[in-house]
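These numbers come from the heavy atoms of this one structure, side chains and all, not from hydrogens, waters or symmetry mates.
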Amino acid sequence: MADGAMTATFLAVIGGASLLAVTARRLRPVDRLPSLEGWALADRSLGPGWTWLLLGGTIFTAYTFTAVPGLAYGNGAPAFFAVPYTVIVCPLAFVLLSRLWSAARRHGYITAADFVRGRYGSPPLALVVALTGILATMPYLALQLLGIRAVLTAGGVYPRGAAGDLVLVALFAGLAVATYRHGLRAPAVISALKAVAVFVSLTAVTWLVLERLGGPGPVFEGAAQRLGGPALLLSPAQQPAYASLALGSALALLMYPHVLTAGFAADGPRTLRKVSVALPAWTGLLALFGFLGIAALAAGVRAPRGGAEAAVPMLVDRLMPAPLAGLVFAAIAVGALVPAAVMSIAAATSFVRNVYVEYVHPTATPKRQVRIAKAVSLTAKVGAVAFVFGLRDQDAVNLQLLGGVWILQIFPAVAVGLFTGWLHPRALLAGWAVGMASGTYLVVREGFSSIVPLGTGARPLEIYAGLVALLLNLTVAVAGTAVLTRLGVPRGTDTTDLPSRLTVRRRPETGANKP
C-alpha cells in the first residue's frame with residue numbers, strides 16, 4: 001500500500017500538470033481563425049526553449065524510462081544500445097528535421113505524407129506513408145499507458161481491480177480534454193513540468209543510490225555477481241546486433257509522426273538545429289535510468305517474473321523517502337502524458353490530411369478539418385485505453401516492436417526524398433511492400449524478436465530486422481527505378497521545388513503570444 005506522503009506528492013505533481021494544461025490557452029493567438037496548422041502544430045511558433053522541451057519530452061517516453069532499466073536489469077550491457085541510438089538521432093535531426101521543416105513551411109505541409117505527396121506527385125505513396133505512420137504509432141501510444149501502470153503498480157500507488165483502472169482512465173481523461181481544446185500547446189506546456197520533475201527526481205535518486213550502495217564500483221560489482229561478469233560487457237557475437245539496433249532505431253525514430261509533429265511546431269530550421277545540439281542532455285537522463293537498472297540488481301531487488309520494468313520503481317520504493325518516491329513516480333507518469341498527447345495529435349492529423357481530405361471530403365473547410373482531427377485524436381486515446389485493458393501487455397510490446405520495423409520502411413520516400421527526386425514513386429511503393437513483408441516475417445519468425453539471425457552455421461550473424469528490411473526496400477526501390485526509367489514509365493509531378501540549400505525567412509511578428 002502506498003505511503004500517504006508518497007501519494008500526496010504524486011497527486012500534487014499530477015495536479016500541477018493538469019493546471020499547466022489549462023494555461024495552454026494563453027499560448028493561442030486570439031486573432032487567428034481555427035486551422036489544422038494552429039491546432040496540430042501550434043502555428044509553427046515554438047522557440048528554442050519550448051521546442052527542446054517538447055521534442056525531448058516526446059522522444060524520451062515513459063516506457064523508454066522503464067523499458068531501458070528493465071532491460072539492463074534482465075540482460076545487462078545490451079540495454080545500453082539506447083544511449084548511442086539517441087546520440088545518433090541528434091546529428092540526423094540536425095540535418096533532416098531542419099530541411100524537412102523548411103520544405104513543409106514553404107508549401108504548407110503538416111505531415112510527412114504531405115511532403116511525399118508533393119515530392120513524388122503520387123497519392124498512393126502518400127497514403128501508405130500516412131497509414132504506416134498511424135499503424136506504427138497506435139501501439140506506441142498504448143505503451144505509454146502500460147508504462148504508467150507498471151510504475152504505479154510497483155510503487156503501490158495503483159489500486160488493484162477496477163479502482164486502479166479508474167485512476168488510469170482519470171489520468172488520460174484530463175490529458176484528452178486539454179489536447180482536444182488546445183491541441184499541441186497542451187503537451188508543450190506539460191513538457192516543462194516533465195523536464196523539471198524528471199531531471200530533479202532522477203538526479204536525487206542517482207545521488208541517493210550511489211550513497212546507499214557505496215558508489216559506482218560496488219554497484220557494478222554487485223550487479224556483475226547477480227548477472228555474471230560477462231553480462232555487463234558486450235561479447236563479440238552481440239556487437240553486430242547492438243550496432244545495427246542502435247542505427248536502425250535512430251533512423252526509424254525520426255520517421256514517427258509524433259516526432260515530426262513536434263519538430264514541425266518549431267518556428268524555424270535554426271531553432272531545430274539549436275535543439276538538436278542540446279538534445280543529448282535528455283540522453284544523459286536515459287543513461288542514468290539504465291544505470292538504475294544495474295543498481296537494482298546490485299541492491300538485490302527481485303522483480304516479478306516477466307516484469308523487469310518494475311525493478312527501478314521497486315528500487316525507488318525501497319531506498320527513497322516517501323515524498324521523493326512519489327515525485328519519481330509522478331515524473332514518469334507525467335513523462336507518459338506528453339508523448340501520448342503528441343502521438344494522438346500526430347495520428348489524427350495524418351488521418352485528416354492524407355485520408356479524410358484526400359479521399360473522403362476534399363473540400364473540407366479548415367474549421368471542419370480541426371473538428372475531425374479533435375474527434376480522431378480523442379478516439380485514438382480511447383482506443384489505446386481499450387487496447388491496454390483488452391489485451392496482454394506483451395501484445396502491445398510485440399506490436400510496438402513491429403511498429404519500429406514498419407516505420408523504418410518509409411525512410412526512403414521521406415528522408416531520401418529530401419535530397420533527390422530520382423527514385424520512382426512506383427519503385428518506392430514496391431520497395432515499401434517488400435520491406436513491410438520481409439520485416440514482419442523476420443520478426444514473427446523469431447517469436448517477435450527484433451534481432452534476427454542471418455546466415456548458417458554455429459554462429460550466424462545477428463542483426464536488427466528493421467535494418468535488413470530497409471536494405472531490401474532500398475534495393476528494390478533503386479533497381480525498380482532503373483528499370484522504370486529505362487522503360488519510360490512517367491513519374492508524378494514534383495511540386496516541392498527543393499533547392500540545393502533551403503532557406504526560409506521567418507515570418508514577421510503578429511503580436512500574438514509566442515511560447
Sequence neighbours excluded, which residues qualify as side-chain hydrogen bond (donor to acceptor under 3.5 Å, both in side chains) partners of [X]?
{"X": "Y356", "result": "H361, R368"}
{"X": "S276", "result": "none"}
{"X": "T485", "result": "R491"}
{"X": "S377", "result": "S344, K381"}

Under the side-chain contact (heavy atoms from CB on, under 4.5 Å) rule, collect the residues that match up with [X], sequence neighbours excluded.
{"X": "A241", "result": "I451, E462"}
{"X": "S244", "result": "I463, Y464, L467"}
{"X": "A296", "result": "Y73, V301, A311, L315"}
{"X": "S122", "result": "Y120, P124, L125, P425"}

Show every donor-acceptor pair shorter than 3.5 Å between a side-chain atom in residues 128-141 and any protein atom, with sequence neighbours excluded, or say none if there are none.
unit_1 : atom_1 : unit_2 : atom_2 : d
T132   : OG1    : V128   : O      : 2.6
T132   : OG1    : W432   : NE1    : 3.0
T137   : OG1    : G133   : O      : 2.6

Do [X] side-chain atoms and [Y] backbone N/O form a donor-acceptor pair below 3.5 Å?
{"X": "K194", "Y": "G57", "value": "yes"}
{"X": "R318", "Y": "A299", "value": "yes"}
{"X": "R44", "Y": "A266", "value": "no"}
{"X": "D114", "Y": "T111", "value": "yes"}
{"X": "S350", "Y": "A347", "value": "no"}

Checking H424 now: which residues fulfil ring-ring contact (aromatic ring centres under 6.0 Å, His included) with it, not counting sequence neighbours? none

Quick one: ring-ring contact (aromatic ring centres under 6.0 Å, His included) partners of F220, sequence neighbours excluded? F291

Ignoring hydrogens, what is the shortest heavy-atom contact between [X] and [Y]? Give both atom names and the distance.
{"X": "A112", "Y": "L260", "result": "CB-CD1, 3.5 Å"}
{"X": "V68", "Y": "A82", "result": "CG2-CB, 3.8 Å"}
{"X": "L213", "Y": "P218", "result": "O-CB, 3.3 Å"}
{"X": "A427", "Y": "L484", "result": "N-CD1, 3.8 Å"}
{"X": "L254", "Y": "A93", "result": "CD1-N, 3.6 Å"}
{"X": "L408", "Y": "G466", "result": "CD2-O, 3.3 Å"}

Assign the ring pair F60 / W282 to parallel, tilted or perpendicular, where the plane angle (0 to 90°) is split at 30° and 60°. parallel

Mind running side chain to side chain contact (heavy atoms under 4.5 Å, CB included) on L96 and F419 for me, showing each step along the way? CA-CA 10 Å; L96 296 181; F419 300 95; 3.6 Å; yes

Heavy atoms from other residues, nucleotides or ligands near CZ of R426 exceed 12 (cutoff 6.0 Å): no

Can you pull the side chain to side chain donor-acceptor pair (under 3.5 Å) pairs that have at least one residue in residues 404-420, sequence neighbours excluded? W406-T440, Q409-N473

Between L245 and S450, is a side chain to side chain contact (heavy atoms under 4.5 Å, CB included) present by the stated rule, with each step listed? CA-CA 8 Å; L245 186 57; S450 58; 4.3 Å; yes

